[in-house]
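In what follows, chains are A, B, ... by sequence order, proteins preceding strands, each numbered from 1. Since we're looking at a predicted model, the values are computed, not measured.
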Amino acid sequence: CGLIYKVDAQQGNLFDKATVESLKPGMSKRQVLLVMGSPSVISPFDQNRWDYVSTIRRGRHKMASKDLTLYFENDQLAKIDGDYFPEDPDVLIKDARKYKREYPDEKRSDEDKKKKRRGGDQGQG
Amino acid sequence: CTWLKSLGKKDNVQPPTELVEFAPTTQVDRVWSEGVGSGAGASGARLAPGVADGRLYAAGVDGSIEAIDATTGRTLWHTRLGERHGWRFWSRRDNSLRWSGGPTAEGDLVVVGGLDGQVYALSAADGSERWKAQMSSEIVAAPAIANGIVVVRSNDGRLVGLDAADGSRKWIFDQSVPALSLRSNSAPLIANGVVYDGYDNGRVVAVRLDDGNELWSQTLSGGEGRTEVERLADVDGNIVSDGQALYAAGYRGQLAAIALDSGRPVWQRDLSSYTGTAVSGNTLVAIDADGNVWAFDRETGVNLWKQDQLKYRWLTAPAIQGKYVVVGDIEGYVHWLSLDEGKFAARERLSRKPIEGAPLVVGDLVYVEDVKGHIGAYRARQ
Amino acid sequence: CSLFHRGKKGDPMDTLPVEQLYQQGNEALQSGNNDYAVRVFQRLIARFPFGPYTEQSQLNLAYAQYKSDKPDDAYSTVNRFIKTYPTHRHIDYAYYLRGLINFNRSGGFMERYVGLDMTQRDQANLRQSFDDFGALVTRYPQSRYAADGRQRMIHLRNMMAQADLNVALFYLKRGAYVASSNRAKSILETYPQTPQAGDALAIMVKSYHELGQDKLADDAKRVLELNYPDHPSLKGRWPSYRSNWWKLIPLQNRG
Amino acid sequence: ADTFTISDIRIDGLSRIAPGTVFTYLPVEKGDALTPERANQAIRALYKTGFFNDVQLSRQGDILVVTVKERPQITKIVIRGNKDIQEADLLKGLKGIGLAEGEAFDPLKLAEVQDELTRQYYNRGKYNVSVKTSKVNLDRNRVEVAINVAEGKAAKIKHLNVVGNTVFTDKQIEDDFESNTSNWTSWYTKDDQYSREKLSGDLEKLQSYYMDRGYADFSVESTQVSISPDKRKMYVTANIKEGEVYTVNDIKLTGALILKEEDLRRMLQIKTGEVFSRAKVERSVDAITSALSNIGYAFADVQPIPNIDKDKREVGLNFFVNPGKRVYVRQVVFKGNQHTEDEVLRREMRQLEGSWYSQAAIDRSKIRLQRLGFFSKVEIDTPKVPGTDDQVDVTVTVEEQNSGQFTFGLGYSQVQGLIASVGVTQNNFFGTGDRVSVNAQKSSFIERYQLSYFEPYLTDEGIGIGYDIQHTKLDASENNLASYLTSTDAFDIYLGIPISESDTINAQMGLSKTGVDTLTFYTPQAIIDYIDNLGHRTFHTWNMQWSWAHDTRNRFWNPTRGSLQSVSLELTLPGSTVQYYKFNYRFAQYLRMTDSLTFFGHFGVGYGDTYKDPQSVLSPDHPRYRADISGLPFFENFYAGGVTDVRGFRDNTLGPFAVLSPTTCPPTDKNCRLPLGGALKFVASAEIIFPTPFVKENSDATRLSAFVDVGNVFQNKLCALPECRVYKSWSADQLRASAGLSFTWRAPVGPIVINIARPIRKKPGDDTETIQFTFGNTF
């Protein structure tokens with residue numbers, strides 16, 4: 001029954017439009033890596049194909065998955081196909097709020113604050 | 001209740017040496033004694049009274065200043081500046097104005113420095129305020145006044161020249177201060193247009209009185225060593241001059257006679273001392289860090305005698321009253337030693353509190369002040 | 001020897017010549033009285049810091065400590081032995097013992113007798129033991145302990161591969177297919193010839209299939225058929241998760 | 001020496017070191033040509049081993065002769081006189097310098113040790129320390145090193161002066177300094193002992209004191225630290241320049257914001273027009289970075305760039321947001337779980353491998369791991385994966401604590417007297433996360449045998465299943481209640497179903513049989529009548545229980561944050577001897593008051609009644625006939641008062657009561673009262689939890705708190721006496737209250753609770769207790 005709580009399972013990459021638009025064929029593997037970050041699936045058997053797979057399964061619903069595949073010919077981006085889940089900040093904030101209680105874990109924030117304060121000082125000068 | 005203190009950890013500091021019995025060779029009598037405010041308290045400021053034409057001026061950390069007739073000890077005027085705060089009974093009942101440097105009197109001006117960097121000039125006649133100035137750090141050394149300029153030494157190594165009329169700033173001379181130094185600073189000395197002062201980095205510096213430019217500087221102690229305690233090199237004692245040369249000593253360094261004009265040492269010898277010296281006739285008296293009293297020949301630096309029975313009593317700077325050397329110690333005793341051989345001549349007890357300020361000799365009287373502000377005037381029959 | 005073994009005044013351990021002391025240590029070792037052996041050898045090394053007996057008793061001390069379940073002391077003693085006597089004739093045994101210490105280091109008293117499945121637990125000790133045996137095999141390939149060392153290394157590698165496989169299965173069951181495929185890939189890369197590699201390939205096939213990556217799934221399937229033709233996943237439903245009803249019976253899934 | 005080919009090598013002067021060892025470190029072998037340069041190399045290599053004081057190469061014909069002088073071996077290091085620094089730390093420090101038992105002795109190191117120790121004592125303000133090192137040569141080239149330390153007393157801060165503070169008084173700014181001048185509390189707080197770290201910490205506090213109140217360009221000009229000649233008194237002076245108060249004139253958000261600007265603006269804690277405050281700026285920076293790291297930007301960095309307009313005394317703030325790349329988690333690795341299975345930890349993690357990094361999920365995972373109660377410490381850190389700039393691993397390091405108790409032994413509680421109990425409770429049964437407990441307990445008033453098993457993860461989502469079977473014999477009179485004996489056998493199955501991150505529903509089914517015996521002279525007549533009218537001595541029930549719990553507490557033992565709210569309804573189904581329901585509501589809330597104080601408020605309401613009134617079996621004209629025997633059976637009543645209930649009152653003695661014979665033993669005398677409990681219970685309490693002195697900060701083993709408890713039970717139909725009828729129904733002025741201190745310690749043998757309480761609102765005849773305690777039993 002739908003009552004039982006199932007943790008959302010999110011996998012793979014998430015991009016905003018601008019990054020994907022900035023992809024142009026002919027880019028080298030290094031440039032793609034810089035722009036898009038590391039692909040979630042690199043098949044050990046086929047080096048010239050990078051799959052930016054992303055899947056999301058909310059609670060008990062079926063898993064939706066999208067795959068952005070990049071094909072390389074001798075280290076140059078040849079073909080881009082498939083699509084991707086655009087990054088939508090509001091949805092992300094709603095998900096994060098589910099876990100986040102109003103009291104952040106005190107241990108972490110105290111130590112970070114000290115580090116930040118030292119870092120912050122230089123910033124302000 | 002010293003045994004209570006020893007209950008805790010064993011203390012490495014040598015206990016003061018027991019006083020030795022002796023037959024006094026002179027008669028000393030206390031002319032008058034007077035309590036002035038709360039003295040230097042715990043500020044470690046080595047407060048001593050200032051004197052000008054027959055009047056003694058003394059100040060305390062509780063903000064009070066008093067003028068006393070030098071011969072009779074009668075209080076001429078008494079003011080307390082600043083207001084108290086910190087009403088709860090157990091908190092430190094501080095006064096906003098805590099005097100810790102001076103007072104120094106010259107003509108009809110009395111100048112005194114405070115722990116919060118304030119410099120006040122009062123009229124010698126009735127103690128009314130003439131002007132005030134603000135320094136960048138606390139003042140724990142007596143200011144010096146000459147030809148219309150007041151020179152103030154602050155704890156952060158700055159020497160500031162103020163106009164004696166209105167307290168406006170004329171010049172600043174800056175010296176670096178090491179991370180750890182000995183408490184209290186050397187009071188500036190003005191002689192014919194030049195200001196001489198000892199610094200915590202082991203150097204004696206001469207600066208022009210009118211514009212504050214450095215003339216020369218002479219290093220008395222190097223300040224090397226592996227730990228910051230071994231690197232202590234303060235020249236904290238007041239500098240003394242007899243017209244031809246300056247006499248100053250550095251901690252873990254040297255006692256030296258320095259030519260006034262050129263700054264070249266006339267003679268120097270190894271003597272670690274944190275107090276000033278005293279000169280009279282041909283003898284120069286100095287006190288080393290362990291509490292031995294030394295006498296040297298003024299021109300050649302040859303050692304005349306050494307008195308070691310006051311070791312570890314943390315003596316004050318010496319003062320010379322006629323034929324006797326006067327010194328105060330940590331248990332409130334005042335000692336008179338014969339100037340010629342350093343033998344014990346007389347001993348009086350001012351109070352149970354330590355004496356840190358240097359004794360002040362005026363005419364045939366010597367004035368001694370302890371940390372709680374008790375001042376005793378003594379006359380030793382020559 | 002005297003009734004009280006502790007190093008009391010006039011305790012024989014302080015006066016015995018080195019040969020008898022060494023003899024006593026070995027007797028205690030043979031009779032399994034390891035704690036006493038440890039004390040005897042420690043006294044011997046303190047009193048006679050050099051000489052033929054000292055070297056051997058350092059080694060025996062490490063063995064005694066290992067036997068009396070003090071792995072940390074044993075490990076530092078054997079390390080000190082290797083540093084001080086790198087050319088000792090039993091040096092290969094020292095490397096072998098060093099590997100053994102971490103090989104058997106497991107939880108407390110209950111675990112050893114209940115035989116817990118170490119692949120479910122922290123792998124740090126196993127990895128350390130694997131490196132130590134590796135040192136033995138590379139430095140002294142012809143030592144008589146090398147063969148057993150190699151066997152243990154293979155066993156350790158399989159256990160570490162199994163540990164990663166458990167994680168991959170965990171994520172497969174929960175539908176985190178990117179995680180399970182990456183874990184399976186890391187097993188293939190770090191532990192290629194282990195039996196678990198077959199299962200890893202099967203996981204990759206299933207994960208890619210679920211992710212809709214049919215081309216990748218087929219590649220993996222081909223490799224699987226080539227290397228592990230009789231792998232269960234090629235035939236029936238794999239991995240066979242025991243149905244939850246089994247779990248209703250208490251205590252049946254003890255690790 | 002000119003070059004020659006070495007035919008053989010001979011080593012002289014060896015005693016402790018084996019020749020083989022020297023050969024391995026010697027860079028030259030037989031057959032090499034020995035050039036002067038190679039010779040130097042050899043000498044340097046041998047020195048580097050640290051075994052030798054002196055190394056000489058000489059030549060006999062073609063034989064290379066290496067004469068060495070071995071360094072003596074250190075057999076013992078004796079340190080005397082050290083109090084401040086423990087022997088173990090000192091030895092570790094010496095080991096670092098290369099001076100340890102068994103190592104070769106190097107005289108140079110001795111001087112180094114002396115400096116190192118002196119420096120360590122100077123750092124602690126002990127400027128009068130004297131460290132003397134000496135060595136005693138023993139036979140067989142061995143040496144014993146002795147280090148005598150005379151620590152002396154630490155230098156005390158006699159004068160702490162901030163120069164230049166005009167706006168705030170010395171008292172205000174020095175209030176939360178760690179260092180202070182000697183005062184009457186210094187013997188304990190040691191705040192007058194000078195140390196450099198303490199001083200730099202205080203200066204930082206001084207800076208933030210000003211910067212948090214608008215002084216944007218405050219600066220500490222210089223600080224002077226001086227010492228008295230006898231090195232026992234310290235004088236600290238800090239000279240500051242306050243500068244002016246600045247107000248914030250405009251706030252800009254620049255850089256890649258990722259989130260919408262108004263979302264971010266809402267997170268800013270500082271508004272235009274407000275006085276500048278660095279603390280608020282930092283909190284705003286924290287809010288934005290944690291918001292970004294919650295949605296995948298782990299390395300987000302926000303730089304608050306101020307531009308100060310000196311004459312208008314205004315400051316503009318430009319929050320430059322640099323989110324960095326979206327970060328993904330490659331692997332989740334667990335360390336330190338020697339006993340617990342990997343899956344037990346992994347199923348609690350809310351951060352999956354292969355998904356993007358979410359700080360919120362990681363914080364949540366840490367709390368879930370802490371709430372298992374298996375670990376004394378859970379640390380999560382996220383190292384970068386080498387070679388990539390957008391992948392991290394999540395490493396979870398746990399420190400296992402034995403989560404089981406093998407409670408064998410005697411417990412004592414005032415209620416139950418001596419408790420002999422044998423029991424094995426294992427919360428983490430062989431690391432599988434299941435909870436198994438087998439318990440037998442014998443005490444003056446209760447005899448209980450219980451077997452229970454709980455599997456938290458029947459399914460992957462975390463539906464848990466548990467079985468519980470127990471046999472209990474209870475002698476109520478020993479438990480300060482009206483005297484009757486009950487013996488119960490019960491069997492229950494329950495399911496725990498999570499319906500959200502912090503809400504679970506429990507469904508429980510069970511059977512139970514309770515036999516009641518009354519003692520003619522001791523059981524109050526009302527109870528005997530009830531049983532006679534009911535016509536049954538044994539009560540069979542089969543019951544259902546539904547409960548919902550919302551739990552956001554951050555720890556299993558002694559939580560400090562979060563809240564727990566639970567509603568439960570227990571129903572005995574038709575066909576049971578007495579068909580009743582029992583309703584329970586409980587609310588507990590932990591609130592952070594200051595860094596060290598936590599407020600804990602909790603209240604509970606319980607009510608029970610029959611939903612189908614039983615009919616009396618006696619004929620109406622029977623003298624003992626009672627028409628109305630509805631209401632909860634007496635042994636199912638709620639009770640109040642006790643060690644873990646309304647503290648300060650004897651256990652279960654509050655509320656309605658009966659008396660055996662009113663004439664001989666009047667109800668006003670508290671010893672004659674036989675409490676009956678009631679159908680309606682109300683309890684509330686407010687506590688302030690203090691940090692326990694001498695205990696490591698925020699450890700979950702102990703809890704010290706001051707409390708105020710209020711509560712009572714009402715409504716008992718068996719009430720006969722007028723004094724009992726006053727509890728007929730809820731009445732506020734019948735509530736009892738008490739205040740006091742409570743200390744709980746989770747000892748290895750089991751939780752120990754000690755209360756010191758003083759009733760502040762009691763009626764004559766209440767049975768009060770000032771000191772209550774219980775240990776060694778967890779029921």
Looking only at Q10(A), K66(A), K6(A), R49(A), most heavy-atom pairs under 4.5 Å shared with chain C are made by R49(A)

Please state whether the side chain, the backbone, both or neither of Y208(C) comes within less than 4.5 Å of a heavy atom of chain A.
side chain

Interface moiety of R174(C) toward chain A, non-hydrogen atoms closer than 4.5 Å
backbone

Does Y93(C) OH have over 12 foreign heavy atoms under 6.0 Å away?
yes

Evaluate whether atom CD of E73(A) has more than 12 neighbouring non-hydrogen atoms of other residues, nucleotides or ligands under 6.0 angstrom away.
no

Step through the shown structure and confirm whether more than 12 heavy atoms of other residues, nucleotides or ligands are within 6.0 Å of NE2 on H231(C).
yes

Nearest 0.5 Å, please: how far is CG in L211(C) from CG in D67(A)?
8.5 Å

Which bit of S40(A) comes within less than 4.5 Å of chain C, counting heavy atoms only: side chain, backbone, both or neither?
both

Of all the residues in residues 212-221 of chain C, which have a heavy atom that comes within less than 4.5 Å of a heavy atom in chain A?
Q213(C), K215(C), L216(C), D219(C), A220(C)

Quick check: closest heavy atoms across Y177(C) and Q11(A), and the distance to 0.1 Å?
N-OE1, 3.7 Å

